[in-house]
Amino acid sequence: MELLYDTVESEIGKIILVSDGTALCALDFEGYEARMNKFLKARYGEYNFKDSPDANGFGTRLKAYLAGDFASLDTIPVNIGGTPFQQQVWQTLRSIPPGQYYTYGQLAAKVGRPTAYRAVGMTNSLNPVAIVLPCHRVLGANLSLTGYAGGLERKRWLLRHEGVKI
């Protein structure tokens with residue numbers, strides 16, 4: 001399996017984008033490659049990367065988001081794998097508008113599992129395409145910044161970037 005590899009420089013560090021040629025299948029931060037590769041290996045088995053600057057225009061769209069065009073990521077196709085529950089949670093993240101947030105409990109209720117807020121939190125931590133599926137828009141019950149696999153400083157930056165007062 002050949003996966004297309006690109007990077008985007010940003011205020012929150014280098015962002016890695018991986019595409020299967022049609023859809024985005026991974027987005028992570030430099031320094032988290034081991035985590036990303038573990039997820040990709042579980043999904044694809046053996047694979048190799050082919051450097052592909054701006055594959056499918058995903059890098060350009062991410063740069064537009066980072067410049068303030070929050071709608072630029074809305075239609076990026078994703079190939080996320082996961083269980084049906086994980087897919088449901090990850091896709092539901094796209095219903096949270098920029099500048100707004102849900103608590104883990106609200107997200108659990110939105111997917112029809114109101115008592116599954118811990119499972120929702122665990123699923124968020126496994127999100128293979130952060131930012132595009134905006135898990136940073138989910139906060140703890142007391143509106144605390146909890147549980148962002150890319151680090152809480154990045155979560156804080158992304159929320160502030162979108163206009164959330166923290």
Side-chain angles (χ1 to χ4, degrees), residues 1-67 70 72-74 76-83 85-94 96 98 101-102 104 107 117-140 144-162 164 166:
M1 178 75 181
E2 185 172 79
L3 298 174
L4 306 179
Y5 185 94
D6 188 19
T7 60
V8 169
E9 297 289 340
S10 77
E11 288 186 45
I12 53 176
K14 187 179 287 187
I15 300 171
I16 301 165
L17 300 108
V18 178
S19 168
D20 63 10
T22 304
L24 188 67
C25 53
L27 184 152
D28 220 322
F29 299 97
E30 184 176 53
Y32 293 83
E33 292 91 346
R35 173 186 179 276
M36 179 186 75
N37 287 321
K38 178 183 171 187
F39 294 153
L40 290 171
K41 185 165 180 63
R43 289 190 50 220
Y44 296 108
E46 294 302 316
Y47 63 90
N48 57 53
F49 289 129
K50 176 184 177 188
D51 284 335
S52 186
D54 204 25
N56 305 92
F58 297 155
T60 295
R61 290 164 79 177
L62 178 61
K63 288 175 188 175
Y65 165 84
L66 294 167
F70 302 129
S72 65
L73 305 179
D74 291 350
I76 289 180
V78 295
N79 180 354
I80 50 179
T83 68
F85 175 75
Q86 288 172 325
Q87 290 178 20
Q88 181 185 21
V89 170
W90 292 329
Q91 291 294 352
T92 301
L93 293 169
R94 278 191 154 165
I96 308 170
Y101 55 83
Y102 286 1
Y104 291 101
L107 184 56
Y117 55 90
R118 284 194 175 111
V120 164
M122 179 56 71
T123 296
N124 264 9
S125 74
L126 302 174
N127 179 0
V129 289
I131 303 175
V132 172
L133 299 181
C135 55
H136 62 276
R137 296 180 190 153
V138 184
L139 304 176
S144 61
L145 294 182
T146 61
Y148 191 65
L152 293 181
E153 284 306 311
R154 285 188 176 111
K155 183 172 186 166
R156 180 177 287 110
W157 188 92
L158 290 164
L159 289 167
R160 285 185 178 154
H161 175 63
E162 294 179 359
V164 174
I166 301 172

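Remember, it's a predicted structure, so these values are computed and weren't measured experimentally. Below, each value reflects all heavy atoms present in this structure, side chains not excepted, and no hydrogens, waters or symmetry copies. Along the sequence shown, the residues carry numbers beginning at 1.
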Engineer: For the backbone of Cys25 and the side chain of Asn79, can you confirm whether one donor and one acceptor N or O come within less than 3.5 Å of each other?
Structural biologist: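 Between the backbone of Cys25 and the side chain of Asn79 there is no qualifying donor-acceptor contact (under 3.5 Å).
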Engineer: Check whether any side-chain N or O of Thr123 sits under 3.5 Å from a backbone N or O of Gln86 as a donor-acceptor pair, and report yes or no.
Structural biologist: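 Here the side-chain-to-backbone pair does not exist.
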Engineer: Rounded to the nearest 0.5 Å, how far does CG of Leu107 lie from CG of Leu93?
Structural biologist: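 If we round to the nearest 0.5 Å, Leu93:CG and Leu107:CG are 5.5 Å apart.
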Engineer: Taking it one step at a time, do His136 and Glu162 satisfy side chain to side chain donor-acceptor pair (under 3.5 Å)?
Structural biologist: CA-CA 11 Å; His136 62 276; Glu162 294 179 359; 2.9 Å; yes
Engineer: Just do the side chain to side chain contact (heavy atoms under 4.5 Å, CB included) check on Arg94 and Leu73 with the steps written out, would you?
Structural biologist: CA-CA 10 Å; Arg94 278 191 154 165; Leu73 305 179; 5.6 Å; no
Engineer: Has Tyr47 got more than 12 heavy atoms of other residues, nucleotides or ligands less than 6.0 Å from its OH?
Structural biologist: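 It does: Tyr47 OH has more than 12 such atoms within range.
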Engineer: Apply side chain to side chain contact (heavy atoms under 4.5 Å, CB included) to Val89 and Thr92, showing your working.
Structural biologist: CA-CA 5 Å; Val89 170; Thr92 301; 5.7 Å; no
Engineer: How long is the span from the CD1 atom in Ile15 to the NZ atom in Lys63, to the nearest 0.5 Å?
Structural biologist: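 Those atoms lie 10.5 Å apart.
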Engineer: Please report the shortest heavy-atom distance between Trp90 and Gly82, naming the atom on each side.
Structural biologist: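 For Trp90 and Gly82, the tightest heavy-atom pair comes out as CZ3-CA, 4.0 Å.
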Engineer: If I take atom CD1 from residue Ile80 and atom CZ from residue Arg43, how far apart are they, to the nearest 0.5 angstrom?
Structural biologist: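 Here the rounded value is 8.0 Å.
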Engineer: Grab the two heavy atoms, one from Ala23 and one from Phe58, that are nearest each other, plus how far apart they are.
Structural biologist: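 Result for this residue pair: C-CE1, 3.7 Å.
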Engineer: Can you tell me how far OH of Tyr5 sits from CG of Leu17, rounded to the nearest 0.5 angstrom?
Structural biologist: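 Between atom CG of Leu17 and atom OH of Tyr5 there are 9.5 Å.
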Engineer: Walk me through it: do Leu3 and Asn48 pass the test side chain to side chain contact (heavy atoms under 4.5 Å, CB included)?
Structural biologist: CA-CA 6 Å; Leu3 298 174; Asn48 57 53; over 6 Å; no
Engineer: Does Phe85 offer a backbone N or O that forms a donor-acceptor pair with the side chain of Gln87 under 3.5 Å?
Structural biologist: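 Looks like no, no N/O pair under 3.5 Å.
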Engineer: Which pairs count as side-chain hydrogen bond (donor to acceptor under 3.5 Å, both in side chains) when at least one residue sits in residues 21-32, sequence neighbours excluded?
Structural biologist: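 The answer is Asp28-Arg35.
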Engineer: When rounded to the nearest 0.5 angstrom, what is the spacing between OH in Tyr101 and CG in Leu159?
Structural biologist: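 That separation rounds to 9.5 Å.
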Engineer: Do Glu153 and Tyr148 touch side chain to side chain, with heavy atoms closer than 4.5 Å?
Structural biologist: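 No, their side chains stay 4.5 Å or more apart.
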Engineer: Examine distances only and state if a side-chain atom of Ser144 and a backbone atom of Thr146 form a donor-acceptor pair shorter than 3.5 Å.
Structural biologist: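 Checking the backbone N and O of Thr146 against the side chain of Ser144, no donor-acceptor pair under 3.5 Å is found.
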Engineer: How many angstroms lie between atom CG of Leu133 and atom CG of Asn127, to the nearest 0.5 angstrom?
Structural biologist: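 One finds 5.0 Å between CG of Leu133 and CG of Asn127.
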Engineer: Donor-acceptor pair, distance only, cut-off 3.5 Å: does the side chain of Lys155 make one with the backbone of Val138?
Structural biologist: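 Yes, Lys155 side chain to Val138 backbone: donor-acceptor pair under 3.5 Å.
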Engineer: Between Ile76 and Asp74, does the side chain to side chain contact (heavy atoms under 4.5 Å, CB included) criterion hold? Intermediate values first, please.
Structural biologist: CA-CA 6 Å; Ile76 289 180; Asp74 291 350; over 6 Å; no
Engineer: Step through the shown structure and confirm whether more than 12 heavy atoms of other residues, nucleotides or ligands are within 6.0 Å of OH on Tyr117.
Structural biologist: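 No, not enclosed.
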